[in-house]
Amino acid sequence: MNRHATKTARRTRRKAGVRKGILGVPSRPRLTVYRSLDHMYAQVIDDLKGHTMAAASSRDKDFKSVDGATGDKTSVAKAVGQLIANRAKKAGVSDVVFDRNGYRFHGRIKALADAAREAGLKF
């Protein structure tokens, strides 16, 4: 197995362990994040309905209008955190369960979570 496949398999295994204890319900949906090499994605999901209540990414059309949307990857993650928090509040969501999706709570994932907290999401 090559190095990338090994890293992906490890993350998938960690992801399954994290998801075992997390369930997004309508009163407290799941905020999940995905990190690619160039972009950040976040979704607020109601697992009981299988419904995405809000979504934000660094590829959105109106992403460039958010403060700090340019620069290094950490500042981009912060901007995505602010954007997902604003969109979740518009959808009527204030409390969420954070799903780090198998990634370490470090760097860009932590920056996104901290920005979402500062913008008003509780978790």
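This structure is a prediction, so every number in the text was calculated from the model and none was measured. Here, residue 1 is the first one in the sequence, and each next residue gets the next number.
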Given side chain to side chain contact (heavy atoms under 4.5 Å, CB included), test Asp99 with Val18 step by step and report yes or no.
CA-CA 7 Å; Asp99 177 10; Val18 169; 3.7 Å; yes
What's the shortest heavy-atom distance between Pro29 and Asp46, and which atoms?
CB-N, 4.3 Å
Check Met53 against Val93 and note the closest heavy-atom contact, atom names and distance.
CE-CG2, 3.6 Å
Of all heavy-atom pairs linking Asn2 and Ala5, the shortest is OD1-N, 2.8 Å
Over all heavy atoms of both residues, which pair between Ile45 and Gln43 is shortest? Give the atoms and the distance, please.
CD1-OE1, 3.4 Å
Spell out, as yes or no, whether a donor-acceptor pair under 3.5 Å connects the side chain of Arg14 to the backbone of Gly102.
yes
Parallel, tilted or perpendicular: which describes the rings of Phe123 and Phe98, with under 30° parallel and over 60° perpendicular?
parallel
Closest non-hydrogen contact found for His39 with Arg108 is O-NH1, 4.0 Å
Report yes if the side chains of Leu31 and Val97 come closer than 4.5 Å at any heavy-atom pair, otherwise no.
no
Between Leu48 and Pro26, the two heavy atoms sitting closest are CD1-CD, 3.7 Å
Just by distance, do the side chain of Asp114 and the backbone of Ala111 share a donor-acceptor pair under 3.5 Å?
no
Are Tyr34 and Leu121 co-members of a hydrophobic cluster defined by side-chain heavy atoms under 4.5 Å apart?
yes
Any donor and acceptor pair, going by atom type alone, linking the side chain of Asp60 with main-chain N or O of Ala56 inside 3.5 Å?
no
Before you tell me yes or no, could you show the steps for Arg30 and Val44 under side chain to side chain contact (heavy atoms under 4.5 Å, CB included), namely the whole-Å CA-CA distance, both residues' side-chain angles and the distance that decides it to 0.1 Å?
CA-CA 5 Å; Arg30 177 170 55 102; Val44 177; over 6 Å; no
So, Ser58 side chain and Val76 main chain: donor-acceptor pair closer than 3.5 Å or not?
no
Do Phe63 and Leu83 make a side-chain contact, defined as non-hydrogen atoms from C-beta onward lying under 4.5 Å apart?
yes
Criterion salt bridge (charged side-chain N to carboxylate O under 4.0 Å, His left out) on Arg87 and Asp62, from CA distance to verdict
CA-CA 12 Å; Arg87 289 183 179 174; Asp62 54 346; 2.8 Å; yes
Using only atom types and a distance under 3.5 Å, with no angle test, would you say the side chain of Arg11 pairs donor to acceptor with the backbone of Asn101?
yes
Please confirm whether the backbone N or O of Arg10 pairs with a side-chain atom of Lys15, one donor and one acceptor, at under 3.5 Å?
no
